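Heads up, the thing below is written out as structure tokens.
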There are 2 protein chains.
Amino acid sequence: MRYLTGFRLRDGEDRVAGNSGRFLVSGDKTLVLADSRYRLQAQAEAPEARIEPTTYDLAAIWPGLLESVGARRVGVEADAVDHRLWEDLARAAPDVEMVAVPGWVEADRATKEPSEVDRIRAACAVADRALASIVRRIRPGVRERELALALEWEMRTCGAEALAFDVACLTGSDAALPHGSPSEREVCRGQVLLFDFGAMVAGYRSDMTRTLFVGEPTARDVAVYEVVAAAQNAAIDLLSAVARGEHLPVSGIEADAAARRVIEAAGHGEHFGHGTGHGIGLATHELPTLSLVGTTAPLPSPTVFSVEPGIYLDGETGVRIEDLAVYDTGARSLELLTCFPRDVVVVGV
Amino acid sequence: MRYLTGFRLRDGEDRVAGNSGRFLVSGDKTLVLADSRYRLQAQAEAPEARIEPTTYDLAAIWPGLLESVGARRVGVEADAVDHRLWEDLARAAPDVEMVAVPGWVEADRATKEPSEVDRIRAACAVADRALASIVRRIRPGVRERELALALEWEMRTCGAEALAFDVACLTGSDAALPHGSPSEREVCRGQVLLFDFGAMVAGYRSDMTRTLFVGEPTARDVAVYEVVAAAQNAAIDLLSAVARGEHLPVSGIEADAAARRVIEAAGHGEHFGHGTGHGIGLATHELPTLSLVGTTAPLPSPTVFSVEPGIYLDGETGVRIEDLAVYDTGARSLELLTCFPRDVVVVGV
């Protein structure tokens, strides 16, 4: 919606927007639907589109919309349209062929324009600075939720229009939950403290994870950390060599394997259940995917993705290190977008 | 997902969760899918369910899941499953009949248990108190975004686990955007200031709108305000009479009409483009719907819905007044859940 028309709904707003924001693109026209709540906004954000009034009953106006652009076949984003609506639309205009085109827009979005990279870079800078400025608030006894709120506040009052996603701040064994939420748990000496967070700038998102140590780290935690750091470096080194033209092109599966091999060699293969990375842009997770499954085609370029191996020991500890990288074979470079140190960092002492 | 299994994803998290959280309920079993990132969380939040590992390829495990519960027909939430996935599942298990059951769970959710009403009431109280405590920060020159952040911060540090939705804080002609976002616009004397906001407590949401006046209101704004207030009162009076058994049962269409008639009689019919109200609970918008379209069946009971007429004059001003009401024909009562005055309130002087 936003990528093709300019019209945007805030996160979660799609649940209350009804059919507002749905759009139809023909050879020469773009139609954006907006009920009365969104009409002015749609006119401002999608100035080149024709804004069409809508209600909750899209099927009722569907034949007229198709006729107004002269459509006899229509490609529909089958992974963004629910089955009920698909069936309703098909029934409403039986003479127009509906063709499922899952992933068309997503494939386009995987390669980034310079202006898109700039916005992701700006979002990374906001997040990076925010972590640096709340580090001094970390001390034994402070609660996960308190630190998560502080980090959020810092991002949102220093350059982010919104969060990319809710801040994860997880300490000790909570860090073994790769998508856990901050709780009232207190930060304790000798435990890890994991932050996974991102900012949004001009619609584009960042995503970054740091696992810090509160006071003297345990030997186990440092050992796990070093494996994760080595895994991240292995993937970064490979991708960097590919970008520079010193290595054959690789797929997301191969980029993932570079990190995974290091973790498996250390005996932690089963403790790394997610992929090594994901594309990012208008959405937090988009193409390309760096994981065990996916396409064997070479990674697209220029693109931006995360490199984020992790090791999770249930009930004990968890470590993940995540950075975003601009991968650009044309510019022969792999650029990391965050400055916060990736080495072992001890805080709260 | 949360209503039937207990497993919950934060707002927006569904976009990165893949198939985690999808579930299957049979006569005697509940299965919740969780990839490695969510396994521990699912075990904790859905203790009665069997947690099944999953990947992005749900179709690959679909036949096995169906077989493990002995399903030969399966009802699928057709408005929550995208068309592509529906087709993939149908192909993966051609011998199992898929039956679209849109709205089954939603219909159940429309009537509320006492424990659900309690949580909505608690969320309303958090939001209500938050507005009262930031009122002193309203003065000419303060920006919409600043006030929105202050109100959000107040809710989230004083009892809300999250927002129900992003705070709208809109002044002057911005208030004519029924779903606008706060900008850097400054609050000016003689203009309206509209807040639409809600808190989340134990998963349940509140929703409330107040339109305040900064300094001496214009005659036009007060006149519009009085029409909206009269419209809200008309709907509340009707629903209250129905709940007490002094009026025949009404549908959402009739409840909407009670407010709409007042606005139409004042010549503003075309400036009130949305419905008079919506149910609320685990989602901000759920059944029942109080609007021009919908079912002619009597409103369910006990239920909780908003009553929120508004008048929007493009480029000029906007007024909306919104309260949540517990409608309970068994208890013969319509209870409003918010205390902040609904009269003309002048601030910032």
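What you see is a predicted model, and the numbers here were worked out from it, not measured in a lab. Chain identifiers are assigned alphabetically (A, B, ...) following the order of the sequence lines, protein sequences preceding nucleic acid strands; residue numbering begins at 1 within each chain.
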Worksheet, complete the sentence: Comparing A:Gly273, A:Ser181, A:Gly315, A:Gly310 against chain B, the one with the most heavy-atom pairs below 4.5 Å turns out to be A:Ser181
Worksheet item: More than 12 heavy atoms of other residues, nucleotides or ligands under 6.0 Å from CZ of B:Arg2: is that the case?
Response: yes
Worksheet item: Hey, does B:Asp314 have a side-chain heavy atom less than 4.5 Å from the side chain of A:Arg39?
Response: yes
Discussion item. Between A:Arg15 and B:Asp11, is the salt bridge (charged side-chain N to carboxylate O under 4.0 Å, His left out) condition met? List the steps.
Written reply: CA-CA 10 Å; A:Arg15 291 167 193 261; B:Asp11 286 356; 5.2 Å; no
Item to complete: Considering non-hydrogen atoms only, spot the tightest contact between B:Gly180 and A:Arg10 and give its length.
Response: O-NH2, 3.7 Å
Discussion item. Do A:Trp153 and B:Leu149 make a side-chain contact, defined as non-hydrogen atoms from C-beta onward lying under 4.5 Å apart?
Written reply: yes
Worksheet item: Can B:Arg156 and A:Glu152 be counted as an ion pair, charged N to O under 4.0 angstrom?
Response: yes
Worksheet, complete the sentence: chain B shares the most heavy-atom pairs under 4.5 Å, among A:Tyr56, A:Tyr38, A:Phe165, A:Trp86, with A:Trp86
Discussion item. If we define contacts as heavy-atom pairs under 4.5 Å, which of B:Arg84, B:Glu146, B:Glu87 has the most with chain A?
Written reply: B:Arg84
Practice prompt. Can you tell which part of A:Asp79 gets under 4.5 Å to a heavy atom of chain B, answering side chain, backbone, both or neither?
Written response: both
Item to complete: Grab the two heavy atoms, one from A:Ser36 and one from B:His274, that are nearest each other, plus how far apart they are.
Response: OG-N, 3.9 Å
Worksheet entry | Proximal component of A:Val81, with respect to chain B [non-hydrogen, under 4.5 Å] | backbone
Response to the item:
When the 4.5 angstrom heavy-atom criterion is applied to B:Asp166 and chain A, the contacting part is both
Worksheet item: Aromatic rings A:His83 and B:His83: how do their planes relate, parallel, tilted or perpendicular, breaks at 30° and 60°?
Response: parallel
Worksheet entry | Interface moiety of B:Asp14 toward chain A, non-hydrogen atoms closer than 4.5 Å | side chain
Worksheet item: Out of curiosity, A:Asp82 CG to B:Leu85 CG, how far, rounded to the nearest 0.5 Å?
Response: 11.5 Å
Discussion item. Could you tell me if A:His179 and B:Glu13 have a donor-acceptor pair between their side chains, going purely by distance under 3.5 Å?
Written reply: yes
Worksheet item: Would the number of heavy atoms belonging to other residues, nucleotides or ligands and lying under 6.0 Å from CD of B:Glu270 be above 12?
Response: no
Worksheet item: Who wins among B:Ala80, B:Ala78, B:Gly12, B:Pro53 for the most heavy-atom pairs under 4.5 Å with chain A?
Response: B:Ala78
Practice prompt. Taking the side chain as every heavy atom from C-beta outward, state whether A:Val293 and B:Thr55 have any atom pair closer than 4.5 Å.
Written response: no
Practice prompt. Apply side chain to side chain contact (heavy atoms under 4.5 Å, CB included) to A:Val16 and B:Thr284, showing your working.
Written response: CA-CA 7 Å; A:Val16 301; B:Thr284 302; 4.3 Å; yes
